[in-house]
Student: 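Below is a structure I'd like to ask you about.
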Protein chains: 2
Amino acid sequence: MRTAPAPPLPDGAGDPLPRRQVLADGVYEAVKALIMDHVIAPGARVSIDGLARRLGVSPTPVREALARLESAELVVKEPLRGYRTTPLLSLEQLDDLYRFRLLLEPWAAAQAAARADAAGAAALRAELDSCQVPAAESYADYKALAAHDTRFHVLVAELSGSRQVRTAFERTHCHLHIFRLYYDRRIGRKAVSEHRAIADAVLRGDPDAAREAMRAHLEASYYERLRPLFGEAAAPPPAG
Amino acid sequence: MRTAPAPPLPDGAGDPLPRRQVLADGVYEAVKALIMDHVIAPGARVSIDGLARRLGVSPTPVREALARLESAELVVKEPLRGYRTTPLLSLEQLDDLYRFRLLLEPWAAAQAAARADAAGAAALRAELDSCQVPAAESYADYKALAAHDTRFHVLVAELSGSRQVRTAFERTHCHLHIFRLYYDRRIGRKAVSEHRAIADAVLRGDPDAAREAMRAHLEASYYERLRPLFGEAAAPPPAG
DNA sequence: ACCGGAAATATCCTATAGGATTCATGGGGG
DNA sequence: CCCCCATGAATCCTATAGGATATTTCCGGT
């Protein structure tokens, strides 16, 4: 018999959970973190009982959390065989993702500019101010910047006034997959300045400028930061 | 004490399940049917233990099924208080939904036309032929037509070649919400002929015609079939 | 008669047990 | 040496039990 614990984990990841109202929620976040930080490798199997032991809970809430993670496409279920983490984004999937973002987000930015109101403007300024400090190079700052990037894009989608667009965008979990793919700590400053350009256009109520700023931001993100990860082959434009 | 069973059910809905590989899958379909057929009313509470008793299974697979149904937005969870079915689509939500569809589906139809290949063409023809027979007025035919409509639109999204677009469209579960809203048995014939116009443009490889045919289909669906359900007030265009 | 609070009931949430299936290991045959 | 099959272990899936929380019912006070 092996009472041996699961493979050793870095720092505190996977330790027994702090008390939450519902365990399944905590398990969801814990497993998401394990996958995002590559503690559980892409394509690896995810044992229900194993996770339950590792997190110190019973399999029941783990099942519920995994069912939700499946809809985020971080894991896939094979009946009677268990769950498995999805592989990292391929180049084709990355192209497809940015083609999709180019379809939705410039439209959302233009709508946000056309609909700008006081509350929205305040929220946008608050989000930008939260990242006033150019992120240092620590891991914590990295995660903070990633969180800001996520919140900013969701906020713009929100300000478009279309719940469908916002939820469709959120359900891509694109930041999750992108930051899972890779992170270059030097990208922060440029991304933040591009965000500022988008926000300026929205706050000034200029739909065309907002649309264009968002398009430029997405293309810069793709060509300058992500596409190079896949080598030097010629990069076709994701826009179809 | 009331050992009285749950509210009586029409025909066989909610009876013990036929044997499936994994119970959670069967529970998912059964509960979806209960909600779609308004056996469980919009906004009503959905008891986990109650469903388990009604379906003759234990609460464990019911939990898993409900977690998945939540991501389809047919139910919402309130921690420690249980699940509740979502209300029917409001007029604002319907507008938003069609604005979103107008953003994605005409684009998808154009892409499908530009990329048309033999396999895709065959699939498209097969789907149309499956609805050759103009649907009669029975309930079974209604469900068959609804299923065809769903498959047709998903197929066009699929043929666009963008997995993001296809899954984003599927995740709206729009047909599910629309057919839950209402169904007029006389709409079948016109919808099918509109489908044929879209398919013709795709098969002939004409992106502009495909885009336009899809746009016309969506607008007809909205203005002629759905919008009137909400009364006679002036209908503003969903396109923003 | 109406409102507020306490007991009773129902429900949710988590843990555990056991049957069924799949995966891993080791030995025998080609 | 490689392949195939049997055995054992691990895992999944479902059911059930019990503590915790929310809801309903009932009763007394104003």
Side-chain angles (χ1 to χ4, degrees), chain A residues 1-7 14-31 34-35 40-41 43-70 74-86, chain B residues 1-7 14-31 34-35 40-41 43-70 74-86:
Chain A
M1 89 186 83
R2 58 188 285 278
T3 54
D15 286 351
L17 297 169
R19 198 59 190 166
R20 274 196 178 75
Q21 197 175 27
V22 174
L23 275 185
D25 295 340
V27 172
Y28 178 88
E29 293 299 331
V31 177
L34 289 174
I35 297 175
I40 303 178
R45 297 200 48 182
V46 181
S47 160
I48 295 173
D49 292 343
L51 270 181
R53 285 192 295 273
R54 176 182 284 191
L55 298 175
V57 300
S58 77
T60 312
V62 174
R63 279 180 176 283
E64 201 173 321
L66 285 175
R68 280 195 257 165
L69 280 169
E70 189 180 20
L74 277 180
V75 299
V76 292
K77 176 183 177 179
E78 304 166 78
L80 297 183
R81 301 180 31 149
Y83 288 89
R84 173 180 298 277
T85 57
T86 52
Chain B
M1 90 186 76
R2 58 187 284 277
T3 52
D15 286 351
L17 297 169
R19 198 62 189 166
R20 273 194 179 76
Q21 195 176 27
V22 174
L23 276 183
D25 295 339
V27 173
Y28 178 89
E29 292 300 330
V31 177
L34 289 174
I35 297 175
I40 303 177
R45 296 200 49 181
V46 180
S47 159
I48 295 173
D49 292 343
L51 271 182
R53 284 192 296 274
R54 175 182 286 192
L55 298 174
V57 300
S58 77
T60 312
V62 174
R63 279 181 176 282
E64 200 172 321
L66 286 175
R68 280 193 257 165
L69 280 169
E70 189 180 20
L74 277 180
V75 299
V76 292
K77 175 182 176 177
E78 304 167 80
L80 297 183
R81 301 181 29 151
Y83 288 89
R84 173 180 298 277
T85 57
T86 52

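Owing to the predicted nature of the structure, the values given are computational and were not obtained by experimental measurement. Only heavy atoms go into these numbers, but all of them, side chains included; no hydrogens, no water, no symmetry mates. Just so we're on the same page: letters track the sequence lines, and every chain starts at 1.
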Student: If I take atom CG in residue B:Asp49 and atom C1' in nucleotide C:dT9, what distance separates them, rounded to the nearest angstrom?
Tutor: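 Going from CG in B:Asp49 over to C1' in C:dT9 covers 13 Å.
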
Student: Tell me: CG of A:Leu23 to C1' of C:dC13, nearest whole Å?
Tutor: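 Rounding to the nearest Å, CG of A:Leu23 and C1' of C:dC13 are 8 Å apart.
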
Student: With a cut-off of less than 4.0 Å, is there a side-chain N or O of A:Arg81 near OP1 or OP2 of C:dC23?
Tutor: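 For A:Arg81, the contact criterion (side-chain N or O under 4.0 Å from OP1 or OP2 of C:dC23) is met.
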
Student: Is B:Ser47 touching bases, backbone alone, or none of the nucleic acid, heavy atoms closer than 4.0 Å?
Tutor: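 The answer is sugar-phosphate, as B:Ser47 gets under 4.0 Å only of primed atoms, P, OP1 or OP2.
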
Student: Round to a whole Å and report the spacing from CG of B:Leu66 to C1' of C:dT11.
Tutor: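 One finds 13 Å between C1' of C:dT11 and CG of B:Leu66, rounded.
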
Student: Quick one: B:Gln21 CD to C:dG19 P, roughly how many Å, whole number?
Tutor: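 Rounded to the whole Å, the gap is 21 Å.
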
Student: Checking all strands, does B:Val62 fall into the base, sugar-phosphate, or nothing category for heavy-atom contacts under 4.0 angstrom?
Tutor: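 Nothing, no heavy atom under 4.0 Å.
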
Student: Look at the side chain of B:Arg63 and decide which nucleotide, out of D:dC13, C:dA15, C:dC13, has an atom nearest to it.
Tutor: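 The answer is C:dC13, which lies nearest to the side chain.
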
Student: For B:Gly43 and B:Thr85, which heavy atoms make the closest approach, and how far apart are they?
Tutor: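 Nearest heavy atoms, B:Gly43 then B:Thr85: N-OG1, 2.7 Å.
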
Student: With respect to the phosphate group of C:dA15, does any side-chain polar atom (N or O) of A:Ser58 fall under 4.0 Å of OP1 or OP2?
Tutor: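 For A:Ser58, the contact criterion (side-chain N or O under 4.0 Å from OP1 or OP2 of C:dA15) is met.
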
Student: Return the nearest nucleotide to the side chain of A:Thr60; candidates are C:dT16, D:dT11, D:dA22.
Tutor: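 Within the option list, the nearest is C:dT16.
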
Student: If I take atom OH in residue B:Tyr83 and atom C1' in nucleotide C:dA10, what distance separates them, rounded to the nearest angstrom?
Tutor: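 It works out to 18 Å between those atoms.
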
Student: Without swapping roles, check the side chain of B:Glu70 against the backbone of B:Lys77 for a donor-acceptor pair under 3.5 Å.
Tutor: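 Checked: pair present.
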
Student: Let's see if you can work this out: which of C:dC13, C:dT22, D:dT11 has an atom nearest to the side-chain heavy atoms of A:Leu80?
Tutor: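 Shortest atom-to-atom distance from the side chain points to C:dT22.
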
Student: Among the nucleotides D:dT21, C:dA15, D:dT23, which one has an atom lying closest to any side-chain atom of B:Arg45?
Tutor: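 Taking heavy atoms from C-beta onward, the closest nucleotide is D:dT23.
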
Student: Heavy atoms only: give me the nearest A:Val31-A:Leu55 pair and the separation to one decimal.
Tutor: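 Shortest heavy-atom contact: CG2-CD1, 4.3 Å.
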
Student: Quick one: B:Tyr28 OH to D:dC13 P, roughly how many Å, whole number?
Tutor: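 Checked: the OH to P distance equals 17 Å.
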
Student: Nearest whole angstrom, please: distance from the P of C:dC12 to the CD1 of B:Ile48.
Tutor: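 Distance, rounded to whole Å: 5 Å.
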
Student: What is the distance from CG of A:Leu55 to C1' of C:dT14, rounded to the nearest Å?
Tutor: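 Roughly 14 Å, once rounded to whole Å.
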
Student: Looking at D:dT11, I'd like to know if its phosphate oxygens (OP1 or OP2) sit under 4.0 Å from a side-chain N or O belonging to A:Arg53.
Tutor: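 Yes, because at least one side-chain N or O of A:Arg53 sits under 4.0 Å from OP1 or OP2 of D:dT11.
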
Student: Partners of A:Arg45 by salt bridge (charged side-chain N to carboxylate O under 4.0 Å, His left out), sequence neighbours excluded?
Tutor: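 A:Arg45 satisfies salt bridge (charged side-chain N to carboxylate O under 4.0 Å, His left out) with no residue once adjacent residues are dropped.
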
Student: So if I take every side-chain heavy atom of B:Pro61 and compare against C:dC13, D:dT14, C:dT16, which nucleotide ends up nearest?
Tutor: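 Ranking C:dC13, D:dT14, C:dT16 by closest atom to the B:Pro61 side chain puts D:dT14 first.
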
Student: When rounded to the nearest 0.5 angstrom, what is the spacing between CG in B:Leu69 and CD in B:Glu29?
Tutor: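 With rounding to 0.5 Å, CG (B:Leu69) is 9.0 Å from CD (B:Glu29).
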
Student: With DNA chain C as reference, determine whether A:Ala24 or A:Pro79 sits nearer its 5' end, using the nearest nucleotide of each.
Tutor: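 Counting from the 5' end, the first nearest nucleotide belongs to A:Ala24.
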
